[in-house]
Amino acid sequence: MKTPVVEVQGLRVEKGGRSILSIDHLVVEEGEVMGLVGPNGAGKTTLLMVVAGLDMGFRGRVLVRGVPLEAGNLLSHRRRLGMVFQDPQVLDLTVLANVVAPLRYRGVPGREARRRAMEWLERLGIAGLAAHPARTLSGGERQRLALARALVTGPELLLLDEPFSSLDAPTRAGLIADLRRLLAALGVTAIVVSHDFTEVLLLARRAVVLMGGRIRQDGEPRSVFWHPADPEVARLVGMDNVWTGEVVSGPGGPRVRLGEWELDLPCPHPSGPVQVGVRPEAVTLCPDGRGLRAEVKAAVPHGPLIRVEFAGPVRLVALVPAAQGLELAPGARVTVDIPPASLHIFPTARP
Amino acid sequence: MELIWDGLRTALGLVAGLDPQVLEVSLLTLQVSGLATVAALVAGLFTGALLALGRFPGRRFLQSVINAGMGLPPVVVGLAVCLLLWRSGPLGGLRLIYTPAAMVIAQFVIAYPVMAGLSAAALQQVGPAFRLQVEAMGASRLQLLGAMLWEARYGVLGAVIAGFGSVISEVGASMMVGGNVVGQTRVLTTAIVLEVNRGNFDVAIALSLILLGLTYGAAAALTLVQQRKR
């Protein structure tokens, strides 16, 4: 087995007597792009800073290619990684000089450093800005500069701390698409911190959910998306419908009863109480009147979709296409359908 | 009124005529204060970096000593350096008393806390996010210091302006350790005091104008650099 790029063992971080991180074991394999998600204050940035060797206030062991991080090897460790911050700081120099700087720090001669820096500015689409003062760049251009500056040294590990969260939507979309291409082309091991799960879906092949400094779920992004480990993770990844119901046996197999609603379950399940979840995208309106009866409470725009809140025996949220959603005035009575395949059964809550 | 007008007329004559004695005094002033400033800058930057970046026991104490030193009275410095360099003093063997070197030492002692204190303040202004960024880029401690100095360069230039201004204008220490010897240790400030005592107000005015001109010229040049592209 190959040595993992990063291995964290028994990591504990406390700040002001409060536990920030508590991770027993976490491994990042060669070439893996790991998305680190969690709400604000979950410890994502702290974990990234620890892995980057920028925060040594921890207990436990952080191994980088099998070598534990310690005061004596931090510089050589930092010189093998590239890092992009949420709000990147730039040196008060030209754009080119900013990308040259990390090479200069590593002793790469000037001409060679400038050639490599230009090459990366071109790859990030900002070669035309090379001679501009870096402090005059827009937010998106600054992030591109930060990416070029992180990648120019050919890092073994790329750490991205919410690199898109201070950008507007179109800028963000363009940058995510470019980063996705770059990550695929380079095959570089990366950790992307985000509080937006869609970024992780697009960029990462593994999602680690961090809450209160602990790992709540670790798996393929799609599987976390459709099958969150618990209701809190569900809320984080946008599964707005989480209900507690009762499993009963029906004619066609087990069903879950939520007041007067009964939904088919996708798989066998013993009778008794159960927690189920449904993504709002999975809920559809049934114009033919068959399905679950619900009353519209509110309808608000949500990007190109409409987010509709229904009152039924339980509160139901659906994301529907604008053309359908516009018809829905509060108070309207409609029927909705929830496909059994989209029904997620939460593992039984720990006692 | 006549006193002032006469003074001004003679003064302008002395300045315009490039009076050799006036020229010599001005040159020595620039040499002594310039040298003291440069030396204080080097030592001050080192101390400032230590205060801003270092973590060591007694850092706060050193910071408070430096801050207090920024208001050190020149006469007290003059007395201290005098006692050190006095023929029978601990460093008397160097035979520096009443030489320009003694004046450079005294002025260094005056300018050093100013430089150290102000450059530490300028470096401390650089935010922690900037430091983390530069460290993440793979900078060693020395490279980090370089990046921070560049980031804080306007503040450091301010320190140079303040340090130079404090030594070129002081008179007490230069008088005590230099002795105001004609052609050897006479600088503008000590010469002005002498001429006023003698009643030669016109010469005193001429020298004052030159001193003002030098102080203003140096500050203006540094300010120009400081404010460029801002």
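Numbers restart at 1 for each chain; the letters A, B, ... are given by sequence-line order, proteins then strands. Keep in mind it's a predicted model, so treat the numbers as computed, not measured.
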- Query: Tell me, side chain or backbone of L54(A) under 4.5 Å from chain B's heavy atoms, or both, or neither?
  - Reply: both
- Under a 4.5 Å heavy-atom cut-off, does chain B meet the side chain of R104(A), its backbone, both or neither? backbone
- Query: Do V37(A) and L210(A) come close enough that some side-chain heavy atom pair is under 4.5 Å?
  - Reply: no
- Where does R153(B) contact chain A at under 4.5 Å (heavy atoms): side chain, backbone, both or neither? side chain
- Look at R79(A), M49(A), H77(A), R80(A) and state which one has the largest set of heavy-atom pairs under 4.5 Å with chain B. R79(A)
- Item | Test applied, side chain to side chain contact (heavy atoms under 4.5 Å, CB included); reference residue, L207(B); option that passes from T190(B), V22(B), T29(B) | V22(B)
- Message: Can you confirm whether V50(A) sits close enough to L11(A) that some side-chain heavy atom of one is under 4.5 Å from a side-chain heavy atom of the other?
- Response: yes
- Query: Considering only heavy atoms, which portion of D161(A) lies under 4.5 Å from any heavy atom of chain B: side chain, backbone, both, or neither?
  - Reply: neither
- Measure P155(A) against the heavy atoms of chain B and call it side chain, backbone, both or neither at under 4.5 Å. neither
- Message: Consider side chain to side chain donor-acceptor pair (under 3.5 Å). Of R123(A), R116(A), R115(A), which one does E119(A) pass it with?
- Response: R115(A)
- Message: Side chains of Q184(B) and T99(B): any donor to acceptor distance under 3.5 Å?
- Response: no
- Query: Relative to chain A, which segment of E151(B) carries a heavy atom at a distance below 4.5 Å: side chain, backbone, both, or neither?
  - Reply: side chain
- Note on the structure: Under 4.5 Å to a heavy atom of chain B? For V84(A) that would be neither
- For A218(B) against F164(B), the heavy-atom pair lying closest together: CB-CE2, 3.3 Å
- Quick one: do the E14(A) and S19(A) side chains pair a donor with an acceptor below 3.5 Å? no
- Could you check which of L75(A), L93(A), D92(A) has the highest count of heavy-atom pairs closer than 4.5 Å to chain B? D92(A)
